[in-house]
Amino acid sequence: MWLLYFVLARGLFMLFHLSQTIQLDLQTIAGSFFYGLILDISFAAYLSVLPFLFYIVSFYIFKTWINKGIKIYTTFFVIILSALMIVDMGLYEAWGIRLDSTPINYLNTPKEMLASINYTQLVWAILFYLAVVWIILKLFNRLGYQMMKPVLKPQLGELSLYLFLWVALILPIRGGFQTIPVNQSNVYFSNHMYANHAAINFAWNFTHSFIDRTYDTSNPFNDMEMQLANEKWQSYIADLRAPLSNEEKGEWLNLTKPNVLLIIWEGLTAKAVRPLGGLATVTENLNRYAAEGLLFTNFYANGDRTDKGLISLLSGYYPQTQKSIIKVPNKSKSLPMLPLEMNALGYDTKFYYGGNTNFGNMNTYLKSAGISEVIGGNQFQRKNWNSKWGAHDHILFNRVLKDMGEYRFSKPFFNIVLTLTSHEPYEFPGPQKFGMDTKENKYLSSLAYTDQALADFLDEARKQPWWENTLVIITADHGNPLPKHPDPYNSPAKYHIPMIWTGGAVKNPGRIVENIGSQIDLSYSLLDLLGGQTSEFVWSQNILHEADRHYAQYIYNNGFGILDKKNAVLFDYNINSSISKQGRRADELEELGKAITQTAYQDYLDRGKITME
């Protein structure tokens, strides 16, 4: 019954927004219904948990009362969900998002909330709402309650089956057996954003947003007046954002608009890379490419998870200490996007990942970023997957090499490749260089495997005609606590990652770049080098400029670390004090770190905020 309800609700939504629906072809409209079933089924299962349990209980006691209770329960949710459905349809036209918990922020000002609605619209909305509720309850009464036939008191085996089926509702709720529970990314199937939005289940979206407390607008990091915090970090960073002159640009690349291949290595730490002071024999091939290209020796991740690394690298945006903006589509879609700016420069953009692109709402973010084609794990045969995450890295690189070999160069390409094998459980084919007896050895062995897969890819790529016109950037999505380091857990060693530029487009290879920077600086620096638009990447420095005042800040749960060439600070908000300080300018850096954390989090809160003006 509930599944039918949500299908009808989607039909009403698309009829209400007919001017946008008629811009879709029939296949795309069907896709909105088909892919939307994923969240429809999930929320229908949520709604069925209590009635199913009560129905089982009614075999033994209170049959009449429980059956009435189920009717009351269903009527209550028809009334509530139908109201949300009407609100969702009305708000989408003005806000451009499916219903989330944002309206909760305006419940204390109902007059202002309704100010943009005239009385005629309000009356029609109420009448439409009452008609929907009446029709749905009639249908439920005719189709649903008639099915609740008296059931004889079940035997033990039958009761066990009923209980098993009740528990099994967890499968449709979470979307199946897969590792990652269902989320909005599962229904994003089209490059037409309206079609994706139509596929979202409004009730699931609202409930998910409410549970995640995305409506919470309090900033827990208010250490100073907001104006002072803004002035502090903006004045500090101003001269670190200076654009390169044409002469300076010529020192980095052999051509003005090369192909760009960004390889993001899962969990690669500088502690495993010999030229960065790490272990000697883990990434022997990467060490070779570091010597032949440009090696950035003081590059840091801004967070500790893949979803945070993607936001930092592709949007030049600080991650949040306790939340993740990529999981809030209403906010993440407002971010600056490197792929969109590359599109504006005339690049063709693709994203390659061997796993589930719905992980962490990745697919939603990538679609909003303007990436023309996303190649995910569903395009690789299951026999080439490990048990948990997706296709092995050498399979992924083979696909990238094949596609690039078939590419017709009417315009340059910007391809992004995200690996996954060096993520737990560290399963991969081939030699286990350091054995698999400990977690650390498993991790190091997986790095050695990906190192060889990457080398095979790059060695073959060097033979291709596009190599001479290509800039290859190799970095990581985040660091790793392994191998263990003697400093505090969240010390810079955990977040220190490689960044290597190689490829035929690199000018004067073999250099070491000691400028301090982090993932959020890459988009700005690359776009400035290519002549793109950089104004929206406000948090970034130009890492290609020599400057002693360059810094890197990273975020961890309720704390941050910040460092420059001679100073470093670890700050913990749980105790509202620094854990460690090094250098004469440590106090100044701490104040800068507080200002960045406060203003960056406020920016997160303000992103996607709907005003009633």
Side-chain angles (χ1 to χ4, degrees), residues 10 13-14 17 20-21 23-25 27-39 92 95-100 175 180-202 204-205 208-209 214 262 264 306-317 324-345 347-379 390 403 413-418 477 523 536 607-608:
R10 180 168 295 104
F13 177 86
M14 299 187 81
H17 298 286
Q20 296 193 61
T21 302
Q23 297 178 29
L24 308 177
D25 57 44
Q27 184 177 357
T28 305
I29 293 173
S32 294
F33 281 90
F34 177 76
Y35 286 93
L37 285 173
I38 300 169
L39 294 183
Y92 183 80
W95 290 3
I97 60 171
R98 295 307 299 268
L99 181 67
D100 60 13
I180 305 160
V182 67
N183 59 48
Q184 293 100 323
S185 282
N186 290 92
V187 305
Y188 272 56
F189 70 100
S190 171
N191 288 327
H192 199 301
M193 292 307 295
Y194 169 72
N196 296 327
H197 291 165
I200 294 174
N201 180 292
F202 71 93
W204 190 99
N205 202 58
H208 183 263
S209 174
T214 56
L262 174 60
I264 306 172
T306 300
D307 55 338
K308 296 184 178 184
L310 286 177
I311 290 292
S312 300
L313 285 166
L314 301 184
S315 290
Y317 195 73
S324 180
I325 193 171
I326 200 173
K327 296 180 180 178
V328 191
N330 179 32
K331 293 180 180 289
S332 65
K333 73 175 185 177
S334 71
L335 291 173
M337 302 289 189
L338 174 60
L340 278 177
E341 299 301 338
M342 296 295 278
N343 289 345
L345 285 172
Y347 281 80
D348 181 60
T349 56
K350 288 185 180 180
F351 184 91
Y352 292 85
Y353 179 54
N356 187 347
T357 55
N358 294 317
F359 172 70
N361 250 11
M362 187 190 303
N363 190 46
T364 307
Y365 171 70
L366 296 175
K367 292 287 187 183
S368 299
I371 294 175
S372 56
E373 185 175 2
V374 176
I375 294 90
N378 60 350
Q379 298 190 37
D403 286 0
F413 62 75
F414 174 49
N415 289 346
I416 306 165
V417 181
L418 175 61
D477 57 347
S523 290
E536 291 191 43
R607 291 264 168 190

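The figures here come from the full heavy-atom set of this structure, side chains too, leaving out hydrogens, waters and symmetry mates. Predicted model only: the values in this text are computed from it and were never measured.
At a threshold of 4.5 Å between non-hydrogen side-chain atoms, the residues Thr357 and Tyr188 do not count as touching. Leu314 is listed as a side-chain neighbour of Ile416, based on a closest heavy-atom distance under 4.5 Å. For the pair His208 and Gln184, the minimum side-chain heavy-atom distance is below 4.5 Å. Put simply, the side chain of Leu99 does not reach to within 4.5 Å of the side chain of Tyr92, judged on heavy atoms. Side-chain atoms of Leu37 and Phe33, non-hydrogen and from C-beta on, never get closer than 4.5 Å to each other.
Atom CG in Leu313 sits 9.0 Å away from atom CG in Leu338 (nearest 0.5 Å). The CG atom of Leu335 lies 11.0 Å from the CG atom of Leu340; values are rounded to the nearest 0.5 Å.
For Asp348 (side chain) and Phe413 (main-chain N/O), no donor-acceptor pair under 3.5 Å exists by modelled atom type. With Asn186 contributing its side chain and Ile38 its backbone, the two residues share no donor-acceptor pair below 3.5 Å. Of the possible polar contacts, one joining the Ser372 side chain to the Thr349 backbone as a donor-acceptor pair under 3.5 Å is found. Judged by distance alone, the side chain of Ser185 and the main-chain N or O of Asn363 form a donor-acceptor pair under 3.5 Å.
Using a 30° and 60° split on the angle between ring planes, Tyr194 and His192 fall in the perpendicular class, above 60°.
Note on residues 185-197: no pairs pass salt bridge (Lys or Arg N to Asp or Glu O under 4.0 Å), not counting sequence neighbours. Pairs of residues two or more places apart, or lying in two chains, never qualify as salt bridge (Lys or Arg N to Asp or Glu O under 4.0 Å) while including a residue from residues 354-366.
Remark: Asp307 engages Arg305 in a salt bridge (charged side-chain N to carboxylate O under 4.0 Å, His left out) (not counting sequence neighbours). Annotation: ring-ring contact (aromatic ring centres under 6.0 Å, His included) contacts of Phe189 (sequence neighbours excluded): Tyr35. In terms of the side chain to side chain donor-acceptor pair (under 3.5 Å) criterion, residue partners of Thr28 (sequence neighbours excluded) are, by chain and number, Asp25. Shown here are the salt bridge (charged side-chain N to carboxylate O under 4.0 Å, His left out) partners of Lys367, two or more places apart in sequence or in another chain: there are none.
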Verify ring-ring contact (aromatic ring centres under 6.0 Å, His included) between Phe13 and Phe202, making sure each step is shown before the conclusion.
CA-CA 10 Å; Phe13 177 86; Phe202 71 93; 9.0 Å; no
